[in-house]
Amino acid sequence: KIFAFDRDPKRLGRLEANVALTNSGSIITARCADFLTIDPQSDEYNAVDAVLLDPSCSGSGTSVSRMDYLLPSAQIMAGRGTDYTDDRVEQLSRFQLSAIMHAMSFPRVKRLVYSTCSVYCEENERVVTDRKSV
């Protein structure tokens, strides 16, 4: 059984469409909910032993395919590399860490896969390192 959560109805709609296309509705339960509000102790989730966590991120790794480099803001960020930090990336990394911590609070979790489409170490390596130090 797979539980999928997204708090954005539009993204959830895309997920549900993909579930229908793949005829996987019998194994995937998609819900419009904030993952951080899900109770890991609930009987419904007592068998969860793996989590694929794809949290909100800056999307910096997809900027070329989305043609973001054409935006004026891209000129400001040019040359700053993957160490670039602004308030948004910092907020996202805090959120990502809280999502990892929440995922780890499911009693039977043995595996956690963490995935972003960001190139910033603040949203990747640093989040994982911060988790290890907690």
Passing candidate, side chain to side chain contact (heavy atoms under 4.5 Å, CB included) with Phe5, options Ile38, Leu36, Leu15, Thr29:
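One option only clears the test, and that one is Ile38.
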Group every Ile, Leu, Val, Met, Phe, Trp and Tyr by side-chain heavy-atom contacts under 4.5 Å, then state whether [X] and [Y] land in the same group.
| X | Y | answer |
| --- | --- | --- |
| Phe3 | Leu112 | yes |
| Met104 | Phe106 | yes |
| Phe35 | Leu92 | no |
| Ile27 | Leu12 | yes |
| Val128 | Val109 | yes |

Are [X] and [Y] side-chain neighbours, meaning at least one heavy-atom pair lies under 4.5 Å?
| X | Y | answer |
| --- | --- | --- |
| Tyr45 | Arg108 | no |
| Asp54 | Thr116 | no |
| Leu53 | Val113 | no |
| Asn124 | Tyr114 | yes |

Inter-residue atom distance [X].[atom1] - [Y].[atom2], 0.5 Å rounding:
| X | Y | atom1 | atom2 | result |
| --- | --- | --- | --- | --- |
| Glu123 | Arg94 | CD | CZ | 12.0 Å |
| Ser56 | Arg11 | OG | CZ | 5.5 Å |
| Ile28 | Thr22 | CD1 | OG1 | 5.5 Å |

Could I get the full list of side-chain hydrogen bond (donor to acceptor under 3.5 Å, both in side chains) partners for [X], not counting sequence neighbours?
| X | result |
| --- | --- |
| Ser105 | none |
| Ser115 | none |
| Glu44 | Arg31 |

Enclosure of Asp39 CG (heavy-atom neighbours >12, cutoff 6.0 Å)
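It does: Asp39 CG has more than 12 such atoms within range.
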To check you understand the geometry: which heavy-atom pair defines the closest contact between [X] and [Y], and what is its length?
| X | Y | result |
| --- | --- | --- |
| Ser118 | Ser58 | OG-OG, 3.4 Å |
| Ser26 | Lys1 | O-NZ, 4.4 Å |
| Cys32 | Asp8 | SG-C, 4.5 Å |

Set of residues satisfying salt bridge (charged side-chain N to carboxylate O under 4.0 Å, His left out) with respect to Arg111, sequence neighbours excluded
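Per chain and number, Arg111 pairs via salt bridge (charged side-chain N to carboxylate O under 4.0 Å, His left out) with Asp49.
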Check salt bridge (charged side-chain N to carboxylate O under 4.0 Å, His left out) between Arg7 and all other residues, then give those that pass, not counting sequence neighbours.
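For Arg7, the residues satisfying salt bridge (charged side-chain N to carboxylate O under 4.0 Å, His left out) (neighbours in sequence not counted) are Asp34.
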So, applying side chain to side chain donor-acceptor pair (under 3.5 Å) with Ser93, which one of Glu122, Arg88, Arg126 is it?
Arg126
With Phe95, which residues qualify under ring-ring contact (aromatic ring centres under 6.0 Å, His included), at least two apart?
none
